[in-house]
> 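So that we are looking at the same thing, I have put the structure below in structure tokens.
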Amino acid sequence: MQLHIKSAHAALERHAALVVAVGPEQQLSPAAAAIDQHTQGQLSQALKTASFSGKAGEILPLWRLHDFPQDWLLVVGTGPSSDLQLATLLKMTQAATRHLQGLHVAHARLTFAEIEIAGVTAIEQLTHIARSVLESCYRFDRYKTQNNTPTSLTQVSFSVDERIPLAAGREALAWAQAVAAGTALARDLGNLPGNVCTPRHLAEQAQELGKGQRKLRVKVLGEAQLEKLGAGAFMAVSRGSQQEGQLVTIEYRGGPAKQAPIALIGKGITFDTGGISLKPAATMDEMKFDMCGAASVLGVMRMLLAAQLPINVVGVLACAENMPSGGAGRPGDIVTSLSGKTIEILNTDAEGRLVLCDALTYTQKTFKPVTMIDIATLTGACVVALGKVASGIFTSDDALAEDLVAAGEASLDRGWRLPLWKDYQELLDSTCADMANIGGPTAGAITAACFLSRFTEGQRWAHLDIAGSAWLSGTQKGATGRPVALLSEYLRRQAYA
Ligand code: BES
Ligand code: MN
Ligand code: ZN
């Protein structure tokens, strides 16, 4: 989809549907007022006749007003002006975008960036509105043999007032496009079923991304190499599956050659049955989303290519399938991780931390990153703690925690810090190995983070638990693409710091 920036007074494109905002007491936005004047009050007349209450996101489509060159004028309710916030504008944008698609409209002009909102800059507002348009057009219908027509919208222009110079507006749209492209890739990969999105498929997607890209270098390690390296924790999970596990590294070189990279390490369990500690059947299908951490890392790589950020970033995908089989690990097994530390596997369903601990060790040794951030659908306990609203953020580095929370806030992809105090570490004690892979019934999200912390000593590191934020359930079942937006904002701030 093409996005354009237009000054508020620019003539409308031929055929473009015009989208304007109106409040519950028929308060017309500046763009709506201009149209009303231009059409000799037809808009206010229509609002009086139609049953339009003006609540947030309500739509009144008007067809071919007299003396108005456009086919469609779409009126969108703002709700009470007293609580008109950025979130309201985004709800309105989503409703308008969906409605335009229903009308099979190809070109639209959106005027919501002209509405002043307290607490956000005009540029931030434009960026969010553009992202919302793009994300509202996302569909995953490749397995529907009917009703799988692509989105009708091909061009959307955003009108802006003098607060936004056109060049700055264009830059904001390019950024929105980059983040949305990364988010869409993460969603696509997340939504793919486990029989298609295997560890090999993820490795191929990484190679595909790197094709013809001078700044990207992709390497894939298979099980033979991982076995030889001594990645015993990773292999304890991967050995149980017919699908070969893969450790994928993607180097993006956008910064100075000598600059140490930021490393992003994603959990890529392409299906998590629990292994011998088998999960119950009821919602096991959702465990196809257990690779959303790895998908978000690929999404960030796609964003980096689109935005060409001047920074070095390494993406590492720890890809395996967690299956029960004659070759699978058993509860009670003791394995030696790549770091040399031994682990007593008390529950084979705590597999994410097992593949990740070896990926963390490998990343630290191979790339000597300035910062490591792992992203994982790690614990049901994190969903209990934070629900689907926020990703869990764990780090002992206060500045890094602050940066990640701020990036989440700014990108509307929020994370919230949970403690990583030493007091929790003893819950991982094992009677016969260096540590156990589970910490018992309490503080499950924290003990999982504590486990990972043992493989990041001397390293600036944060862990994002996205078990709640990475997908929605029930009738809305589907990947969200989070936390691509949070990470993108974090990296952008690092790149231009
Ligand atoms: N992939 C799951 C975490 C998960 C569970 C995410 C439910 C979203 C919804 C992870 O591999 C897992 O099974 N974790 C266990 C850990 C436990 C055995 C200590 C969990 O959370 O139950
Ligand atoms: Mn599991
Ligand atoms: Zn899992």
Side-chain angles (χ1 to χ4, degrees), residues 190 194 197 199 202 233-234 236-238 240-241 243 245 265-296 317-324 328-333 343-359 374-392 394 418 424 427-430 435-452 463-474 476-480 482-483:
C197 187
L202 286 174
F234 183 102
V237 177
S238 198
S241 169
Q243 302 294 333
I265 301 98
K267 170 177 173 182
I269 297 295
T270 58
F271 195 77
D272 180 13
T273 64
I276 297 300
S277 313
L278 194 65
K279 286 183 182 294
T283 55
M284 201 201 275
D285 61 290
E286 294 193 0
M287 285 301 126
K288 73 170 185 176
F289 296 118
D290 213 16
M291 33 56 68
C292 282
S296 74
L317 320 178
C319 307
E321 189 181 45
N322 189 21
M323 296 291 260
R330 353 162 159 57
D333 281 1
I343 304 164
E344 184 183 17
I345 301 177
L346 291 177
N347 189 319
T348 64
D349 198 10
E351 84 298 340
R353 61 198 79 181
L354 294 174
V355 297
L356 280 174
C357 70
D358 281 351
D374 76 76
I375 306 103
T377 50
L378 205 62
T379 65
C382 191
V383 194
V384 173
L386 296 172
K388 301 218 150 260
V389 176
S391 305
F394 302 82
L418 293 171
Y424 292 99
L427 293 168
L428 292 168
D429 286 350
S430 159
M435 69 194 90
N437 80 325
I438 56 169
T442 62
I446 299 172
T447 52
C450 285
F451 180 92
L452 296 176
H463 156 62
L464 301 184
D465 193 332
I466 59 165
S469 56
W471 75 87
L472 301 176
S473 305
Q476 305 198 75
K477 186 173 119 176
T480 59
R482 293 175 66 185

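Ligands are counted one by one from 1 in listed order, and the atoms in each one are counted from 1 as well.
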> Can you figure out which of M291, E351, R353 has its heavy atom closest to atom 11 (O) of ligand 1?
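Among M291, E351, R353, the closest heavy atom to atom 11 (O) of ligand 1 comes from E351.
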
> Just to check, does W471 reach to within less than 4.0 Å of ligand 1 when the distance is taken from its heavy atoms?
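So W471 counts as touching ligand 1.
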
> Check A294 against L317 and note the closest heavy-atom contact, atom names and distance.
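Smallest heavy-atom distance, with atoms named: O-CD2, 3.5 Å.
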
> Looking at every heavy atom in both C357 and F451, which two are closest together, and how far apart are they?
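Closest heavy-atom pair between C357 and F451: CB-CE2, 4.0 Å.
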
> For atom 7 (C) of ligand 1, which of M287, K279, E286 has the closest heavy atom?
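Ranked by closest heavy atom to atom 7 (C) of ligand 1, first place is M287.
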
> Less than 4.5 Å apart, any side-chain heavy atom of L356 and any of L378?
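Yes, close enough: below the 4.5 Å cut-off.
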
> Among all protein non-hydrogen atoms, which one is nearest to atom 2 (C) of ligand 1, and what is the separation to 0.1 Å?
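The closest one turns out to be D272 OD2, 3.6 Å.
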
> Would you say atom 22 (O) of ligand 1 makes contact with the protein, given that contact here means a non-hydrogen protein atom less than 4.0 Å away?
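Given the 4.0 Å limit, the answer for atom 22 (O) of ligand 1 is no, no protein heavy atom qualifies.
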
> Going by atom types only, do S473 and E286 share a side-chain donor-acceptor pair under 3.5 Å?
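There is such a pair between these side chains.
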
> Considering only the protein, which heavy-atom contact is closest to atom 1 (N) of ligand 1, and what is its distance?
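In this structure, atom 1 (N) of ligand 1 has D290 OD1, 2.9 Å as its nearest protein heavy atom.
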
> What do we get for M284 next to ligand 1 when only non-hydrogen atoms under 4.0 Å count, side chain, backbone, both or neither?
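For M284, there is no contact with ligand 1 at all, from either part.
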
> Check each atom of ligand 1 against the heavy atoms of T377 and keep those under 4.0 Å away; list them by number with element.
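Under 4.0 Å from T377, ligand 1 has these atoms: 1 (N), 2 (C), 3 (C).
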
> Under 3.5 Å, N or O to N or O, is D349 touching ligand 1 that way?
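By distance alone, the answer is yes.
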
> What's the shortest distance from atom 3 (C) of ligand 1 to any protein heavy atom, and which residue and atom give it?
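Of every protein heavy atom, L378 O, 3.4 Å lies nearest to atom 3 (C) of ligand 1.
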
> Say whether, by atom type as modelled, one donor and one acceptor occur between the side chain of K288 and the main chain of F271 under 3.5 angstrom.
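Checking the backbone N and O of F271 against the side chain of K288, no donor-acceptor pair under 3.5 Å is found.
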
> Please report which non-hydrogen protein atom sits nearest to atom 19 (C) of ligand 1, along with the residue it belongs to and the distance in Å to one decimal place.
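Closest protein heavy atom to atom 19 (C) of ligand 1: I438 CG2, 3.5 Å.
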
> How close do T377 and W471 get, counting heavy atoms only, and between which atoms?
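Here T377 and W471 meet closest at CG2-CZ3, 3.7 Å.
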
> Which protein non-hydrogen atom lies closest to atom 20 (C) of ligand 1, naming both residue and atom, and how far is it?
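Looking at atom 20 (C) of ligand 1, the protein heavy atom closest to it is G380 N, 3.9 Å.
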
> Any side-chain heavy atom of T379 sitting closer than 4.5 Å to one from R353?
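With C-beta onward as the side chain, the pair touches.
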
> Mind listing the protein N/O/S atoms less than 2.8 Å away from the Mn ion (ligand 2)? Waters don't count.
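Near the Mn ion (ligand 2), the protein supplies D272 OD2, D349 O, D349 OD1, E351 OE1.
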
> Within a strict 4.5 Å, meaning less than it, do heavy atoms of the L452 and F394 side chains meet?
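They are not in contact (no side-chain heavy atoms under 4.5 Å apart), so the answer is no.
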
> What are the two closest heavy atoms between N322 and T348, and how far apart are they?
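For N322 and T348, the tightest heavy-atom pair comes out as ND2-O, 3.3 Å.
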
> Less than 4.5 Å apart, side chain to side chain, heavy atoms only: is that true for C450 and L428?
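In short, these two side chains touch, coming nearer than 4.5 Å.
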
> Nearest heavy atom to atom 6 (C) of ligand 1 wins, so pick from A467, A448, A381, A376.
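Residue with the shortest heavy-atom distance to the ligand atom: A467.
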
> Suppose the cut-off is 2.8 Å; how many protein N/O/S atoms fall inside it around the Zn ion (ligand 3)?
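Atoms of protein N, O or S type lying less than 2.8 Å from the Zn ion (ligand 3) total 4.
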
> Evaluate the side-chain proximity of S296 to L464: yes if any heavy-atom separation is below 4.5 Å, no if none is.
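No, too far: nothing below the 4.5 Å cut-off.
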
> Please check: side-chain N/O of D358 versus main-chain N/O of A233, any donor-acceptor pairing under 3.5 Å?
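Yes; at least one donor-acceptor contact below 3.5 Å.
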
> Run down the list T283, V384, V237, N347 and name the one with the heavy atom closest to atom 18 (C) of ligand 1.
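Among T283, V384, V237, N347, the closest heavy atom to atom 18 (C) of ligand 1 belongs to N347.
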
> Taking 4.0 angstrom as the limit and counting only heavy atoms of K267, give me the atoms of ligand 1 inside it, by number and element.
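That gives atoms 1 (N), 10 (C), 11 (O) of ligand 1.
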
> Is any side-chain heavy atom of K267 closer than 4.5 Å to a side-chain heavy atom of D290?
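Answer yes - side chains close enough.
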
> Any idea which heavy atoms bring E321 and S241 closest together, and the distance?
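What the structure gives for the nearest pair is OE1-OG, 2.6 Å.
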
> Check whether any side-chain N or O of N437 sits under 3.5 Å from a backbone N or O of L346 as a donor-acceptor pair, and report yes or no.
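Answer holds: yes.
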
> Answer yes or no: is there a side-chain heavy-atom contact under 4.5 Å between E351 and I269?
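The answer is yes, as the side chains (C-beta and beyond) meet within the 4.5 Å cut-off.
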
> Are L386 and S391 close enough that some pair of their side-chain heavy atoms sits under 4.5 Å apart?
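A side-chain contact is absent here, since even the closest heavy-atom pair is not under 4.5 Å.
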
